[in-house]
**Q** 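I'd like to ask you about the structure that follows.
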Number of protein chains: 2
Amino acid sequence: MAQLTNCIAMMNEGIERVSQIIPQMPAVEARLCRLMLMVGSSLEEELEFKLKPHKLNHSDFLTLMILYSRPDGSSTPGELCEFATQGATNMTRITNALVKRGLITRGASAEDRRRVVIRITAAGKRFVQKMLPPMFPRVSAMFAGFSEADKRNLGRLLGKLAHNLDQLDPDTQP
Amino acid sequence: MAQLTNCIAMMNEGIERVSQIIPQMPAVEARLCRLMLMVGSSLEEELEFKLKPHKLNHSDFLTLMILYSRPDGSSTPGELCEFATQGATNMTRITNALVKRGLITRGASAEDRRRVVIRITAAGKRFVQKMLPPMFPRVSAMFAGFSEADKRNLGRLLGKLAHNLDQLDPDTQP
DNA sequence: ACATTTTACTTCATCAGTGAAATATGACTT
DNA sequence: AAGTCATATTTCACTGATGAAGTAAAATGT
């Protein structure tokens with residue numbers, strides 16, 4: 001994979017030059033955007049890499065983890081779509097795949113028969129408990145050299161950014 | 001689109017529960033990872049949304065911007081692959097599309113005739129200069145409420161994270 | 001009570017992106 | 001000059017994601 005640091009150095013120069021041609025550009029903010037995008041996709045790559053041996057992709061994993069983290073280990077496709085930010089179509093596919101592997105079950109809801117209840121199985125829980133720990137060292141290593149204040153700060157700033165993105169969303173076409 | 005803030009709240013509870021079952025999990029770090037991933041993909045979504053009216057996707061845009069930001073407005077497929085973190089296959093496709101729209105040209109290199117020189121055209125530059133400014137308000141809005149120190153800090157922390165990810169990369173399978 | 005609308009998924013056709021392998025060409029090494 | 005390496009493109013098979021339409025059940029209006 002390409003060195004992130006190189007790309008960043010290159011980007012910094014690029015932004016510098018562009019902001020000389022187009023001075024009204026919010027250069028600092030644009031740079032932060034690109035940084036977020038780069039680090040985000042690098043992180044995604046890293047995650048997919050760790051998931052590959054388990055034959056899972058990001059959405060599969062996320063779906064499974066949401067179920068795992070539920071007190072009762074269950075949810076519905078609609079809810080999973082919302083929290084995993086996936087389309088319904090995709091969630092059907094993910095669910096199919098996980099059911100086939102015996103990690104979750106799909107059942108009809110008693111109250112509302114339109115609804116489908118998805119539940120993690122005992123095998124699913126064991127699977128998560130086995131695959132998760134080997135990831136921990138790399139996760140920790142990502143934050144090497146971060147003080148407690150750094151981590152708090154990063155969390156706070158990302159939260160603020162998330163909030164602003166939510167406000168932005170009422171999609172007024174630019 | 002789903003509210004990021006909801007997803008974050010849900011994630012916080014989820015991590016809390018998981019870390020009770022699996023106490024050795026680096027909970028703070030894992031939470032920051034997920035935050036980064038969520039904000040990153042939301043940002044990506046926002047970007048793609050802004051690009052759609054121009055019939056560009058993220059890779060197309062990035063490729064074009066790299067060329068635009070070059071003093072001489074030119075590069076090679078290999079270099080573009082590196083900085084846009086794209087595979088060669090994809091870069092060929094991107095280049096084809098941009099050439100067809102007259103935004104860039106593909107020519108043979110004088111010194112090394114294996115090489116292909118990709119250059120942004122005058123039309124390409126005009127295109128960038130026209131499409132970029134309407135994005136600025138949204139970019140600025142993303143960082144509403146950020147002090148100068150906040151922006152500096154975010155930049156610093158993302159840079160540090162990027163550095164750690166680079167160190168991590170020597171892919172020792174977990 | 002019946003018709004309409006809404007909600008919850010699923011199915012199907014399609015598309016963008018990716019990896020692997022094949023091809024072509026040119027440069028470098030000895 | 002021959003062999004090896006580097007650069008770029010093309011082809012192909014595949015995965016993952018998406019949009020449009022379809023089905024079924026429940027909620028709502030009249």
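Lettering of chains follows the sequences in order, A, B, ..., and the numbering in each one begins at 1.
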**Q** Identify, between L56(A) and E111(A), the residue whose nearest nucleotide on DNA chain D lies closer to the 5' end.
**A** L56(A)
**Q** For K100(A) and dT15(D), what is the distance between atoms NZ and P respectively, to the nearest whole Å?
**A** 11 Å
**Q** May I have the list of side-chain donor-acceptor pairs in residues 8-18 of chain A shorter than 3.5 Å, sequence neighbours left out?
**A**
unit_1	atom_1	unit_2	atom_2	d
N12(A)	OD1	R31(A)	NE	2.5
N12(A)	ND2	I8(A)	O	3.4
E13(A)	OE1	R17(A)	NH2	3.4
E16(A)	OE2	Q20(A)	NE2	3.1
R17(A)	NH1	S69(B)	O	2.7

**Q** Taking 4.0 angstrom as the limit, do E29(A) and R34(A) come out as a salt bridge?
**A** no
**Q** Could you encode protein contacts along nucleotides 3-12 of chain D as a string, one character per nucleotide from 5' to 3', using B for base contact, S for sugar-phosphate-only contact and - for no contact, with a heavy-atom cut-off of under 4.0 Å?
**A** ---BSSBBB-
**Q** What is the distance from NE2 of H58(B) to P of dG17(C), rounded to the nearest Å?
**A** 11 Å
**Q** Give the rounded distance in Å between these two atoms: CD of E45(A) and P of dG17(C).
**A** 16 Å
**Q** Take atom CZ of R93(B) and atom P of dG17(C), then tell me their distance rounded to the nearest Å.
**A** 4 Å
**Q** Identify, with sequence neighbours excluded, every residue that meets side-chain hydrogen bond (donor to acceptor under 3.5 Å, both in side chains) alongside Q86(B).
**A** N90(B)
**Q** Please say whether the positively charged group of K151(A), taken as NZ for Lys or CZ for Arg, lies over the ring of F143(A), i.e. under 6.0 angstrom from the six-membered ring centre and within 45 degrees of the axis.
**A** no
**Q** Below 3.5 Å, can you tabulate the donor-acceptor pairs from side chains in residues 123-131 of chain B to any protein atom, sequence neighbours excluded?
**A**
unit_1	atom_1	unit_2	atom_2	d
Q129(B)	NE2	Y68(B)	OH	2.6

**Q** Partners of A149(A) by side-chain contact (heavy atoms from CB on, under 4.5 Å), sequence neighbours excluded?
**A** S147(A), R152(A)
**Q** Distance check: side-chain N/O of R113(A) vs OP1/OP2 of dA24(D), anything under 4.0 Å?
**A** no
**Q** Rounded to the Å, how far apart are I94(A) CD1 and dT10(C) C1'?
**A** 14 Å
**Q** What integer distance in Å separates N90(A):CG from dT15(D):P?
**A** 15 Å
**Q** Does a side-chain N or O from Q86(B) land closer than 4.0 Å to OP1 or OP2 of dT18(C), or not?
**A** yes
**Q** Looking at residues at least two apart in the chain, or sitting in another chain, which of them share a side-chain hydrogen bond (donor to acceptor under 3.5 Å, both in side chains) with S140(B)?
**A** none
**Q** Whole Å only: how far is the NZ atom of K52(A) from the P atom of dT18(C)?
**A** 11 Å
**Q** Measure from CG on L80(A) to P on dT10(C) and round the result to the nearest Å.
**A** 11 Å
